[in-house]
Amino acid sequence: MKVEKYSRSFPAGVETWQAQMTVMTSLMILILMTFAAAILESASLQTSKNIRRADVERSVESVFAEYQKELLEEYDIFGLDGSYETGSYTEGRVLDRMTVFGAIAGENQIEAIRFLSDNEGQEFADQVCRYLENLYGIDMIQDLIGREDEAKEQEEKAIDFQKREEENEKKMDEVLASGGSLEESGEGSEGEIENPLGVLQKLKHRVLAEIVLPRDRVISQKSVEGMAGVSGRTRQEGKGNLPSVEANASEKLYLIAYIPDHFKSYTKAEDDRPLEYEQEYLIGGKQNDMENLQIVLNKIRRFRMAPNFLYLQTDETKKAEAKVLAGIVSALLGNPGLTEVVAQGVLMAWAYGESIMDLRALTAGGKVPSVKTKETWKLSLSGLLKLGTTQDSGSSSAGESGLSYEDYLKMLSLLETKETLRMRMLDLIEWNLKMRLNCPFFQADACITRMRIQSICQLRRGITYQFSTYYAYQ
């Protein structure tokens with residue numbers, strides 16, 4: 001049997017078309033493979049980028065998780081000790097710490113950073129405001145709204161009255177200079193007329209705290225002399241551009257509201273603190289308790305002098321008492337024409353004495369009414385002549401209505417600038433952490449609150465990836 005050879009024939013041009021299809025298919029497959037490879041490469045690069053970014057973010061968050069525990073527990077403030085318990089901040093210490101948590105050495109640098117003391121303590125104040133807003137809301141400062149204007153008005157009255165007091169004092173000095181044998185002391189012998197002008201002079205030359213405070217109360221003599229706070233030294237400053245801290249119109253009020261729970265005063269002193277009278281330091285700014293207490297007592301006395309003197313001018317009975325005593329003093333001076341002048345001096349001395357009685361009540365935990373009445377007036381004229389002597393009991397009845405010592409501290413704090421309050425608070429925080437909370441390395445100007453890290457990572461085949469990582473305590 002004969003087998004015929006099978007052959008297939010194609011129309012003209014068909015073979016050329018089939019060849020073209022083969023080439024096109026091959027090219028499309030090549031393109032698809034290239035596209036797939038590109039997608040895989042891109043995905044691989046993006047995965048590498050994500051991994052590197054995640055590594056840096058994790059390391060930054062881990063670093064910031066090592067906040068100063070004592071600072072948070074005692075003052076409700078977050079901050080990272082950038083010195084790592086050495087007392088000396090360097091960027092290298094922070095970057096080295098990041099490598100412990102997975103960041104690759106040499107790929108990161110600090111682009112921008114802020115410390116707790118930056119911008120006169122603005123970073124600290126921002127945390128205080130957010131802490132109180134989140135914890136209590138605006139109700140925390142409701143009772144302080146409008147008090148700053150009231151405090152300024154009281155200060156203006158005190159300044160005006162002080163000028164009047166100085167003028168009166170000059171007149172009284174002239175009167176006393178012509179006094180001859182008249183005793184200037186409030187401790188005259190029996191049968192002698194005691195001179196109230198001499199009493200006032202002697203009181204003003206004594207330390208106010210010694211007259212005001214109970215004799216059995218030990219006044220703190222603590223001092224931090226030689227330990228410059230962050231407000232009194234050249235500070236480490238942050239660098240670079242970071243989102244600006246939004247200004248809070250009620251910042252000073254929040255600072256005042258923050259004080260009582262975190263800083264002690266004379267009436268609530270704790271003897272384990274570097275300075276026992278911390279709230280007084282915020283007002284006085286001196287590095288020892290005694291000076292700060294003296295400053296505060298004197299400022300409160302000035303606030304009390306004007307309303308006390310004005311009340312005396314409205315009380316005809318007390319004015320008559322003062323005039324009788326002034327007449328006797330003027331007669332003994334040999335110049336009865338001085339009676340009116342001396343009477344005003346007696347009233348001034350009486351107002352001064354009543355202000356001391358007010359201070360005694362305040363420092364004993366009592367309250368004093370803003371405006372005196374016959375019922376709330378404490379000091380008699382005979383009591384004035386004994387004030388500050390051995391016959392003085394050294395006490396005063398504590399009232400239950402009016403302003404307390406703490407209220408006056410708030411008022412005086414409102415008269416300070418917010419920048420002053422911020423930095424003095426940081427002084428106290430730093431001293432307490434160093435001396436009371438066993439953190440001798442702590443420095444507010446090495447305490448990190450915000451940071452931006454610039455990273456340049458080497459991926460592969462010369463490809464680099466650059467990105468920034470920002471972290472802030474919120």
May I ask you to decide whether [X] forms a salt bridge with [Y], counting only side-chain N to carboxylate O separations under 4.0 Å?
X	Y	result
K410	E150	no
K378	D358	yes
R450	E123	yes
R436	E270	no
D126	R130	yes
E354	K318	no

Does a donor on one side chain and an acceptor on the other come within less than 3.5 Å for [X] and [Y]?
X	Y	value
Q344	Q313	yes
S88	T86	no
N292	Y277	no

Using side-chain heavy atoms (C-beta onward) and a distance below 4.5 Å, is L403 in contact with V368? no

For Y352, the ring pair (Phe, Tyr, Trp, His ring centres under 6.0 Å) test, sequence neighbours excluded, returns none

Could I get the full list of ring pair (Phe, Tyr, Trp, His ring centres under 6.0 Å) partners for Y470, not counting sequence neighbours? none

Per the side chain to side chain donor-acceptor pair (under 3.5 Å) rule, which among K299, R304, Q154 passes with Y408? R304

For E70, all residues meeting salt bridge (Lys or Arg N to Asp or Glu O under 4.0 Å), sequence neighbours excluded: none

Exactly one of F78, F64, Y67 should register a ring pair (Phe, Tyr, Trp, His ring centres under 6.0 Å) with Y471. Which one does? F64

